[in-house]
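In what follows, every heavy atom counts, from backbone to side chain, and hydrogens, waters and symmetry copies are set aside. The chain is numbered in sequence order, starting from 1. Both counts, for ligands and for their atoms, begin at 1 and track the order of listing.
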Amino acid sequence: MCKSIYFSLFLLVLLALLSFCQAHKEATIHELRLELNNNRINSRQLVEFYLGEIKKLNPVLKGVLEVNPDVLYEADRADRERAAKVPRSMVGLHGIPVLLKDTIATRDKLNTTAGSFALLGSIVPRDAGIVSRLRKAGAIILGKASLSEWSSFRSLGAPSGFSPRGGQGKNPYVLSATPCGSSSGPAISVAANMVAVSIGTETDGSILCPASFNSVVGIKPTVGLTSRAGVIPISPSLDTVGHQGAILIDNLEITGLDTILNATASGEAVATIAEFKIAINGFLKSLDSSRIHSLADIIEFNQKFGDLEKIAEFGQEIFLAAEATNGIMDLEKAAIANMATLTRNGYLKMMAENRLDAVVTPGSNISPVLAIGGFPAISVPAAYDDEGVPVGICFSGLQGSEATLIEVSYGFEQATNVRKLPTFLS
Ligand SMILES: *[C@@H]1O[C@H](CO)[C@@H](O)[C@H](O)[C@H]1NC(C)=O
Ligand SMILES: *[C@@H]1O[C@H](CO)[C@@H](O)[C@H](O)[C@H]1NC(C)=O
């Protein structure tokens, strides 16, 4: 999630803010890079600025779950490397703080819990793939962002942006409005300038929806393009780690859209609960140390600590349904085949018949279509409604079309320049 589009680091296109005066808060990562390279600012100052903003804003917004106790040490190291002109230190995200959704594993002092007390204190075997790449590039891990607990996969009754550990994340534009989820914390934190850039994850709408509601840019790459290793999963076949003289064709229809938007009818629900059980049990088994070893253990923990986890209030019916599955059997195979057919007859056919480069849709309503097909998309700030709640516009395309989508959405962003600073309305 980021504020504007400019610079791309494999999956991400980011923009950022920064600076010590409000006027420069919304500088791009590219501009930040220049400030660092020209010694007009250093990473320690940058980190101290964000820590100050977190201290000031996070008690209300609850976008940040944990701050990395080693963050100043990491900043000083980045500054030393830049002073010594280490080659990697003048490019990309070197010396720039990044916030990670709490599903993204880090083998450091930070916890990785998906917002649940169940995993507090457990030890992951290694950094997630995306984290080791960020560290290799010299990025600074600022901390963990809040989220909808278990990436919204415990219960349909739990509000977006709520987790037992993080409490209720707030929309920085209208505090009473939803921040959407499940990558709520990454979007809230970037929107309110508590960090320049953050990494979320998406199975179905979890980056695009919070990006839309918090007036930031959110990139959902093609499923499989970015490494999901070490990410607390939902469904391996749908999960992804996030970030022109156009010919516009209006009013196109995606065949079977009503079915696709109904997760029961499309097969998405059947397939994801079975895949979730397999994937979460695999993740939990990989932990070096934990009191929780299986989905059954999480369910038991939730039952035992019902008040702590708000079980009584929000339930855990998705967990119970997932636990009742038994692998990828005939029912699940049929559901997966049904999603493939819906994709072939729907999105793929529409793209081919009209020879489209990209599809533009309001908000994030198209996310189930993108989820079942593994398609990439970018949400860009587009408007604010009568109450002042942000609305995004979504550019989506075929697998591997990220470069085109970045180009098109950057063009839209630069031409419209919609994003404004958070208003903190009650
Ligand atoms: C991680 O969780 C433990 C509790 O098990 C806590 O003591 C520690 O402060 C947490 N780490 C951070 C960085 O907040
Ligand atoms: C979704 O599909 C299921 C089964 O195909 C059906 O029973 C249900 O009524 C549908 N829901 C809506 C809101 O249309």
Side-chain angles (χ1 to χ4, degrees), residues 47 50-51 54-55 58-59 62-75 97-128 131 135 140-147 149 156-157 163-167 169 185 189 194-195 198-199 204-205 230 232 254-274 284 287-293 297-298 301 304-305 308-309 317-318 321 331-332 334-342 345-346 365 367-369 371-372:
V47 165
Y50 291 134
L51 293 178
I54 291 170
K55 201 165 173 193
N58 202 54
K62 297 182 165 55
V64 178
L65 208 48
E66 288 187 0
V67 166
N68 184 358
D70 290 332
V71 69
L72 287 171
Y73 167 82
E74 288 187 22
V98 177
L99 189 70
L100 306 170
K101 187 180 183 182
D102 190 39
T103 49
I104 300 173
T106 52
R107 174 88 188 209
D108 53 14
K109 291 180 184 152
L110 292 159
N111 293 288
T112 304
T113 69
S116 167
F117 285 108
L119 290 186
L120 194 59
S122 65
I123 299 172
V124 298
R126 64 191 73 85
D127 282 338
V131 175
R135 290 200 208 275
I140 296 167
I141 305 302
L142 182 64
K144 291 289 171 77
S146 65
L147 71 170
E149 188 198 10
L156 292 172
S163 74
R165 286 195 64 213
S189 304
M194 295 193 285
V195 70
S198 63
I199 312 284
D204 184 342
I232 299 178
I254 298 173
T255 307
L257 187 62
D258 286 349
T259 309
I260 296 169
L261 296 181
N262 178 339
T264 310
S266 72
E268 188 182 342
V270 167
T272 46
I273 58 171
L284 295 170
L287 296 175
D288 276 359
S289 158
S290 177
R291 61 183 148 179
I292 300 289
H293 304 286
D297 286 353
I298 302 174
F301 178 93
K304 208 154 140 196
F305 300 102
L308 197 64
E309 297 270 320
E317 82 285 349
I318 303 178
L331 184 70
E332 287 78 16
I336 291 164
N338 193 45
M339 289 193 286
T341 305
L342 286 165
N345 297 339
N365 297 343
S367 70
V369 176
I372 69 167

[X] heavy atoms, cut-off 4.0 Å: which ligand 1 atoms fall inside?
X      : answer
Gly121 : 5 (O)
Asn111 : 1 (C), 2 (O), 3 (C), 8 (C), 10 (C), 11 (N), 12 (C)
Pro69  : 13 (C)
Lys109 : 11 (N), 12 (C), 13 (C)
Leu120 : 2 (O), 4 (C), 5 (O)

Donor-acceptor contact present, side-chain [X] to main-chain [Y], <3.5 Å:
X      : Y      : result
Ser266 : Glu268 : yes
Asp102 : Ser146 : no
Asn68  : Lys109 : no
Asp108 : Pro69  : no

Please find the pair of heavy atoms, one from Ile140 and one from Ala75, that lie closest to each other, and give the distance. CD1-CA, 3.6 Å

Between Glu66 and ligand 1, which part of the residue brings a heavy atom under 4.0 Å of the ligand: side chain, backbone, both or neither? side chain

For Thr112 and Lys144, which I'm curious about, is there any donor-acceptor pair between the side chains at under 3.5 Å? yes

Heavy-atom neighbours of Arg291 CZ exceed 12 at 6.0 Å: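 Yes, enclosed.
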
Which residues pass the side chain to side chain contact (heavy atoms under 4.5 Å, CB included) test with Asn111, not counting sequence neighbours?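 Partners of Asn111 by the side chain to side chain contact (heavy atoms under 4.5 Å, CB included) criterion, ordered by chain and then number, come out as Glu66, Thr113, Leu120, Arg165.
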
Tabulating one pair per line, provide the atom names and distances (0.1 Å) for every N/O atom of ligand 2 that is less than 3.5 Å from a protein N/O atom.
residue	atom	partner	partner atom	Å
ligand 2	2 (O)	Asn262	OD1	3.4
ligand 2	2 (O)	Asn262	ND2	2.4
ligand 2	11 (N)	Asn262	ND2	2.8

Criterion side-chain contact (heavy atoms from CB on, under 4.5 Å) against Leu142, the qualifying member of Val64, Leu51, Leu110: Leu51

